[in-house]
Amino acid sequence: MLSNLDISKSMIIKLDDELPEMPEFVKGIRRASKRELVLNKKEIKLALKNALRYIPEKWHKKLAPEFLDELLNRGRIYGYRFRPKGKIYGKPVSEYKGNCLAGKAMQVMIDNNLDFDVALYPYELTTYGETGQVCQNWMQYRLIKKYLEALTENQTLIMESGHPLGLFESSPNAPRAILTNGLLVGEYDNQEDWHKAISLGVTNYGQMTAGGWMYIGSQGIVHGTYNTLLNAGRLKFNIPNEGDLGGYLFVSSGLGGMSGAQGKSIEIANGVGIIAEVDYSRIQTRFDQGWIKEIVKDPGEAFKLAKEYMNREESISIGFYGNIVDLLEYAVKKNIKIDLLSDQTSCHVPYEGGYCPQGLTFEERTELLKTDKTKFIKLVNQSLTHHFELIKILVDRDTYFFDYGNSFMKAVFGAGVKEICKNGKNPNNGFIFPSYVEDIMGPLLFDYGYGPFRWVCLSGKHQDLLKTDKAAMECIDPNRRLQDRDNYIWIKNADRNKLVVGTQARILYQDAVGRIKIALKFNEMVRKGEIGPIMLGRDHHDPGGTDSPFRETANIRDGSNVTADMATQCFAGNIARGMTMVTLHNGGGVGIGKAINGGFGLVLDGSKRVDIIIKKAISWDVLGGVARRSWARNKHAVETAIKHNKENKVGDQITIPYLVNEDLIKKVISQKYLKKAD
Ligand SMILES: NC(=O)c1ccc[n+]([C@@H]2O[C@H](COP(=O)([O-])OP(=O)(O)OC[C@H]3O[C@@H](n4cnc5c(N)ncnc54)[C@H](O)[C@@H]3O)[C@@H](O)[C@H]2O)c1
């Protein structure tokens, strides 16, 4: 007969016997709105049993009603009581307990993801993207920390959707942690079943770097947004390579976790930006950080201020406190020219609060979500439809609109607007507006292997970050390609642009050659004691990290954009080559069932062992993506693959597609059909 006493005795690593006191919620810290609860009575019982699995039996009587309360009022069981008191933040790695550096380093990363200054809803363990969580609840957080403290060089921590399954014996050359989040069996890979699973407490929405523990604040997306805006200008307005966006206007929405990067990015590109945001607290945060320079409540005032700066070709980022639809309505009515237009509301979850409908304040939206979901959905659909109509008018007036990877166009389609689809029926042939990956990020960056390489100085010292910035700059040849020139300028100015929020981290787009060169240099610096250890990684939004026809693989046109082999192989290959932590998720920035994405973290400890991992694993991580893009006949990827094959006759060899004459295909097809008709 199973007994809780035996169970407790059988585990060395478990939650403490003492019940923590309920911590006080600090005023002013943003809280997640109530999540939709779709469980029936039987399933609610199951959810309670699931959450109580972490806790010794003697506390069940006290906690069962508390957890039920959380479930009914918050839509999830977060186990608030188990959140450690006070401020959580990524401390210097030397301040963490542990048996190996990797175990301590991962604790730095997790805590940074939950920092009040970094996370979107820190009490709900949500780092960014409205729903992207580190893990599901605070019991898991505590248990993960205990496992990481115990972890040795001969073990691997297995994480399944926030749940630490346990430590399993491995070897120093295996990853120290393997994480998966939100993976569902195909039949159940849909919103409804997903909702049930997450409310039951058996899955987690990891977004990308939230559940992958590699988030570095909005800086992580500033470089990509800057690249996108600058290249959109080059593409659409013939801005010369050495030019900038001086005198051009960019309008968008969202000053949240990732979207908060937009103001900073347009300023770095020397343009003028107006970013609409309905939640005043987020505008204030960005203002306090210096990531927007003015807060304006009236659309007329916003455009007037923008015009003044455009005339002087000076940069400014303006936070407009209000709905993006109101702002665009004004621009349409007054015939104001917008050069670049996008959207970064959380449209991957429009009905969960990600998109605030026109006519509701942020506070009214939060209330309505709680009281009348059906009405809320109706308003979201109306607003998205009107939003689309306004964009269409502006595009007819020469505005360049692009989807910025938030599933905006899919959400408009979901609202009932079939006209947004190229075929007027469904998204199978894509949408009428381009996504930034189709036009810019795909052909200009991903196809060459450039992507959001990043690192965190685990010592917590700003001096280390400055040293790494300088070292990285010295590794880049600005005359090699235009992209290298842009990256060189980026890293040269990075410190001046004050990008750090949370840990001492840096983002720097690089291709495989650049990433390896920089990583080896850093590891050498660690070896020589010039800097402390480094956690190296990348966003999942990378050439090989993510399969998503709605975003990262939107410029793959051989029909394979519906497959998820690349991201899965990337994950497996990184494990095989010994990255420190490796992760694979469902969802990411576009929502459940619309992407499979993965990433990695690699601790640079200065060892020769890590030099070998850098050469083999980083090369694979990037070139697996280039090889797949090349196989899809993407021109720049084919060129990059040919170059790689020629330079790596002994190691890697990539299968490269033969080109097929279009006229031949046309001729064969027409002959066959003519014959049939005969
Ligand atoms: N392109 C990328 O690289 C990338 C990366 C990460 C995330 N994303 C996607 O971008 C979206 C935004 O991410 P985030 O982390 O900033 O999310 P977030 O939820 O933190 O921020 C979105 C913001 O939009 C505001 N908002 C919602 N409706 C609005 C409206 N109608 N008018 C004005 N403001 C409105 C919200 O108040 C919120 O602050 C998500 O869908 C995310 O998945 C894209």
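Every heavy atom of this structure was used, including side-chain atoms; hydrogens, water molecules and symmetry mates were not. Whatever order the structure lists ligands and atoms in, that order sets their numbers, starting from 1. Position 1 is the first residue of the sequence; numbering continues from there.
The shell of residues lying under 4.0 angstrom from ligand 1, judged by heavy atoms, excludes Gln358. Ligand 1 lies out of reach of Gly224, whose nearest heavy atom is not under 4.0 Å from it. At least one heavy atom of Gln207 sits less than 4.0 Å from an atom of ligand 1. Residue Gly591 places every heavy atom at 4.0 Å or more from ligand 1.
Counting non-hydrogen atoms of neighbouring residues, nucleotides and ligands closer than 6.0 angstrom, the NZ atom of Lys498 reaches no more than 12 such neighbours. By the neighbour-count criterion of 12 heavy atoms within 6.0 Å, atom NZ of Lys337 is densely surrounded, having more than that number from other residues, nucleotides or ligands.
For an aromatic pair to be called close, the ring centres must be under 6.0 Å apart, and Tyr450 with Tyr509 fails this.
Within the 3.5 Å criterion, the main-chain N or O of Gln483 finds a donor-acceptor partner in the side chain of Asn487. Proximity of a side-chain donor or acceptor of Arg454 to a complementary backbone N or O of Met214 within less than 3.5 Å is detected. Of the possible donor and acceptor atoms, one in the side chain of Trp138 sits under 3.5 Å from a partner among the backbone N and O of Tyr123.
The shortest N/O to N/O separation between Met258 and ligand 1 falls below 3.5 Å. Residue-to-ligand polar distances place Gly257 within reach of ligand 1: an N/O pair is separated by less than 3.5 Å. Polar contact with ligand 1: absent for Leu120 (N/O pair, distance under 3.5 Å).
At a threshold of 4.0 Å, the pair Lys410-Asp403 does not count as salt-bridged, since none of the basic side-chain nitrogens sits closer than that to a carboxylate oxygen.
A 4.5 Å side-chain heavy-atom check between Leu340 and Tyr248 finds every atom pair outside the cut-off.
Contact annotation for Ser383 and ligand 1: no heavy atom of the residue comes within less than 4.0 Å of the ligand.
In this comparison of Gly405, Cys356, Ser435, the heavy atom closest to atom 28 (N) of ligand 1 sits on Cys356. Closest heavy-atom approach to atom 11 (C) of ligand 1 within the set Asn323, Thr285, Thr345: this belongs to Thr345.
Atoms of ligand 1 lying under 4.0 Å from any heavy atom of Gly589, numbered from 1 in the order shown and given with element: 41 (O), 42 (C), 43 (O).
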